[in-house]
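Following: one structure in structure tokens, then a few remarks.
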Amino acid sequence: MKHKEMVYLTPMPVRIWHWLNAFGIVTLCITGLQIRFPDYISVFGAYKAAIRLHNTAGAVVSVSYMLWLMYYLVVAKSLMKLYMPTLDDLKTGIFRQAFFYFLTYFLGKPNPHHSTPDSKFNPMQKATYLVIMFILLPLVIFTGVLLMYIAPLRELLLLLGGIKMLIGTHFLLSCCFTAFLFVHIYLATLGHTPLAHFKPMWNGWEEEEIDDGSEKTR
Amino acid sequence: MRDFTWKTVLFLAFFMMMTISARAAAPGNERCMNCHGHMDIKGPAGMKIYIDPVKFAATTHAIVGCTSCHDRVSKGHPGDRYNPPRAACGDCHKPVFDEYAKSLHASKAGCTGCHNPHEVRLPLFVSGDDINRKCARCHDTRKTIQSHSTWLPQADLHIDSLPCITCHTGSRDYVIIMSIESRLPGSRNDFKISSYDELAALAQAADVSRVIDLNNDKLISLAELRDFNHQLRGRNMRLWGMMVPETVTHSYQILDNRWDCSFCHASGPKAAQKSFIAFPEKNGGYTRLVVEKGAILDILYGTPDFYMLGTTRSTPLNIIGALIVAAGLSFPVCHGFFRFLTRKNRKENNHEA
């Protein structure tokens with residue numbers, strides 16, 4: 001016998017950041033596509049409009065990233081707990097989760113990870129978000145800022161190998177983010193209903209299915 | 001056919017006359033330069049009458065000869081204090097003169113405002129930086145950047161990478177001209193185009209193109225370019241590219257299509273295939289060597305510091321990027337496919353539709 005329980009998983013500041021970030025990154029990907037391939041893509045009309053929008057979205061994502069970092073570091077003080085994989089996560093957790101996504105999910109077995117406010121992410125999520133939030137996003141912001149101010153930051157550009165090195169890094173990072181978006185959105189549909197993981201990102205509450213035999217499923 | 005023959009004969013006759021007059025003009029030039037080629041020469045009322053003999057020798061005007069323009073030098077010159085008149089530029093350059101006369105700039109400056117007739121060269125022998133320096137004599141660079149910043153993103157970078165005439169004349173057929181620039185070790189000052197002497201010391205040869213063109217075939221290959229760029233690191237030198245028109249006009253105007261960034265940035269990679277390296281010469285001019293086709297589009301080390309958004313994108317990098325995106329996209333597609341096939345398993349276990 002199963003019953004449903006509501007868990008408050010995502011506080012409002014995190015939800016605001018998430019959607020601001022999501023909107024910003026999608027805007028960056030589309031405008032970035034027009035900036036790189038203007039002879040094929042013209043979603044935002046004028047080239048300059050795409051550049052201005054790209055720069056603005058970049059600034060929004062950068063500021064929201066700083067706010068996210070400050071919130072988890074200073075207000076919630078749960079950054080390490082939520083995002084840093086434990087030794088157990090690295091030794092077995094990641095493989096257990098991957099085993100679920102690539103095999104036992106198809107056999108109808110339940111998700112081995114159950115979200116709680118103190119442990120929102122499964123080991124694979126932790127490792128992925130750690131790489132994205134602490135390596136890829138800061139890198140894409142850093143290269144983006146340098147490319148926005150090429151002449152004033154010329155010395156730094158020279159030190160890092162020139163404009164092409166930065167453009168190449170920025171472009172490949174943006175491709176990684178685009179790839180991540182596809183995977184991220186798809187994995188979010190793997191809850192006990194396709195929208196189960198989207199709801200907590202909107203109102204904060206996640207509906208958990210609790211088995212009376214103490215077995216939880218998602 | 002007969003018409004063609006007459007035109008050929010006339011052309012050859014004109015060419016021979018020019019050659020003869022040029023040869024005849026050389027001794028005349030020498031006579032003039034004996035006095036005017038000395039830096040300490042002074043004209044009446046502080047008038048500048050010194051002519052740099054090295055720079056003058058490299059001009060087309062030196063071939064024509066001093067007396068072609070200054071044709072009424074008196075026998076008593078310079079003792080009679082008679083100031084010989086000068087020919088008007090339009091006497092020989094009528095089409096250019098007429099074109100310029102109709103332009104917005106004509107009321108602001110005459111021909112000599114920009115072109116010193118004793119130093120003027122064909123565009124082929126001038127760097128983009130030289131052109132902008134002429135403009136900057138009247139148009140203060142700082143103010144120009146400020147005025148362009150109101151509508152042009154990264155105006156400072158654009159002004160550093162384009163001769164003004166690229167947008168402000170009807171000039172066309174753009175190519176990328178790269179110059180070797182340097183600055184003092186440890187200096188944070190702006191880079192300046194390396195002088196002939198600096199490059200001659202680097203090349204350890206009189207032919208400064210040898211700093212890049214190692215096999216001396218007068219063609220810069222991509223491999224040579226990459227090698228050179230690797231060597232530049234840590235030397236306080238860089239290869240700086242500018243987009244320069246090949247066909248130059250004097251129709252100074254503010255062209256509507258230059259407000260549209262896509263004029264340059266959406267011209268596609270095929271537009272950026274043609275590039276040159278401009279090597280300085282002793283006489284202050286430049287010699288261009290052709291760079292292997294498509295070098296500008298090289299992924300990293302062909303031109304590490306030259307990139308035009310949208311136009312000089314690298315195809316191999318695009319392919320790598322597309323593979324990354326495709327890998328991301330393949331996960332939902334493949335997983336979703338098996339998810340659909342195995343949906344009954346999850347319904348039986350009563351979770352996830």
Side-chain angles (χ1 to χ4, degrees), chain A residues 2 34-40 42 46-52 55 101-102 105-111 147-152 154-155 157-158 161-168 171-172 174-187 189-194 196 209 217-218, chain B residues 151-157 160 188 191 229 233 238 259-262 265-269 298-307 309-314 317-318 320-333 335-336 338-339 341-342 344-353:
Chain A
K2 291 173 181 173
Q34 179 172 344
I35 290 168
R36 191 164 176 90
F37 303 99
D39 36 338
Y40 296 110
S42 181
Y47 194 69
K48 197 168 70 179
I51 293 201
R52 290 253 154 97
N55 291 350
Y101 282 137
F102 290 106
Y105 171 81
F106 298 120
L107 302 174
K109 303 287 182 199
N111 192 332
L147 291 169
M148 272 172 77
Y149 302 100
I150 289 176
R154 168 70 59 199
E155 296 301 325
L157 254 92
L158 278 171
I163 296 174
K164 275 195 173 169
M165 180 67 87
L166 285 171
I167 286 276
F171 170 65
L172 291 181
S174 68
C175 291
C176 292
F177 275 97
T178 311
F180 168 75
L181 270 182
F182 291 128
V183 178
H184 180 64
I185 294 167
Y186 174 75
L187 286 179
T189 68
L190 294 188
H192 65 275
T193 67
E209 274 194 339
T217 59
R218 291 177 62 194
Chain B
W151 70 276
L152 181 67
Q154 304 212 39
D156 43 4
L157 181 66
D160 222 13
R188 291 285 168 105
F191 284 89
N229 280 313
R233 299 285 159 212
R238 69 177 185 182
W259 298 99
D260 178 6
C261 308
S262 57
H265 291 284
S267 49
D298 185 47
I299 193 163
L300 271 185
Y301 292 112
T303 54
D305 224 16
F306 182 83
Y307 185 81
L309 275 182
T311 302
T312 61
R313 57 180 186 254
S314 146
L317 202 63
N318 291 343
I320 297 169
L323 287 174
I324 293 172
V325 175
L329 195 57
S330 68
F331 178 77
V333 171
H335 198 278
F338 287 109
R339 180 184 182 181
L341 293 181
T342 59
K344 277 184 187 169
N345 293 345
R346 284 179 300 281
K347 272 185 185 164
E348 281 166 11
N349 287 287
N350 196 23
H351 67 91
E352 206 254 308

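Just so it is clear: chains get the letters A, B, ... in the order the sequence lines come, proteins before strands, and each one is counted from 1. Worth knowing before you read on, the calculation uses all heavy atoms, side chains too, and leaves out hydrogens, waters and symmetry mates.
Without hydrogens or angle criteria, Asp305(B) side chain to Gly162(A) main chain gives no donor-acceptor distance under 3.5 Å.
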Checklist entry - How far apart are the C-alpha atoms of Asp39(A) and Arg313(B), what are their side-chain angles, what is the distance that settles it, and do they pass the salt bridge (Lys or Arg N to Asp or Glu O under 4.0 Å) test? => result CA-CA 12 Å; Asp39(A) 36 338; Arg313(B) 57 180 186 254; 3.0 Å; yes
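Of the atoms belonging to Phe180(A), not a single heavy atom falls under 4.5 Å from chain B. Residue Leu187(A) touches chain B through its side chain alone, counting heavy-atom pairs closer than 4.5 Å. With a threshold of 4.5 angstrom between heavy atoms, Ile51(A) approaches chain B through side-chain atoms but not through N, CA, C or O. When heavy atoms are compared at a cutoff of 4.5 Å, Phe306(B) approaches chain A solely by way of its backbone atoms N, CA, C and O. Only the backbone of Ile299(B) has a heavy atom closer than 4.5 Å to any heavy atom of chain A. Only the side chain of Tyr40(A) comes within contact range of chain B, judged by heavy atoms closer than 4.5 Å. Heavy-atom distances place no part of Asn229(B) under 4.5 Å from chain A, backbone and side chain included.
Taking all atoms of both residues into account, the shortest heavy-atom contact from Tyr47(A) to Ser262(B) is CB-N, 4.1 Å. The minimum heavy-atom distance between Gly161(A) and Pro304(B), with the atom names listed, is O-CB, 3.9 Å. Between Gly321(B) and Cys175(A), the shortest heavy-atom distance links the atoms CA-SG, 3.4 Å. Here the closest heavy-atom approach between residue Arg52(A) and residue Trp151(B) is recorded as NH2-O, 3.6 Å. Counting all heavy atoms, side chain and backbone alike, Lys164(A) lies closest to Thr303(B) at NZ-OG1, 2.9 Å. The shortest non-hydrogen separation linking His335(B) to Tyr186(A) is ND1-OH, 2.7 Å.
Take Asp298(B) and apply the side chain to side chain donor-acceptor pair (under 3.5 Å) test, not counting sequence neighbours, and it matches Arg226(B). Partners of Leu172(A) under the side chain to side chain contact (heavy atoms under 4.5 Å, CB included) rule, at least two apart in sequence or in another chain, are Leu317(B), Ile320(B), Ile324(B).
The candidate with the highest count of non-hydrogen atom pairs below 4.5 Å against chain A, out of Leu152(B), Asn318(B), Asp156(B), Leu157(B), is Asn318(B). Between chain B and the residues Ile167(A), Ile35(A), Leu147(A), Thr178(A), the largest count of heavy-atom pairs under 4.5 Å involves Ile167(A). Counting heavy-atom pairs closer than 4.5 Å to chain B, the top residue among His184(A), Gln34(A), Glu155(A) is Glu155(A). When each of Phe37(A), Phe182(A), Phe106(A) is scored by its heavy-atom pairs under 4.5 Å with chain B, the top score falls to Phe106(A). Among the candidates Leu157(A), Leu158(A), Leu166(A), the residue making the largest number of heavy-atom pairs closer than 4.5 Å to chain B is Leu158(A).
For the pair Arg346(B) and Tyr105(A), the cation-pi test (distance below 6.0 Å, angle within 45°) is passed.
In this structure, Phe331(B) has its ring center under 6.0 Å from that of Phe102(A).
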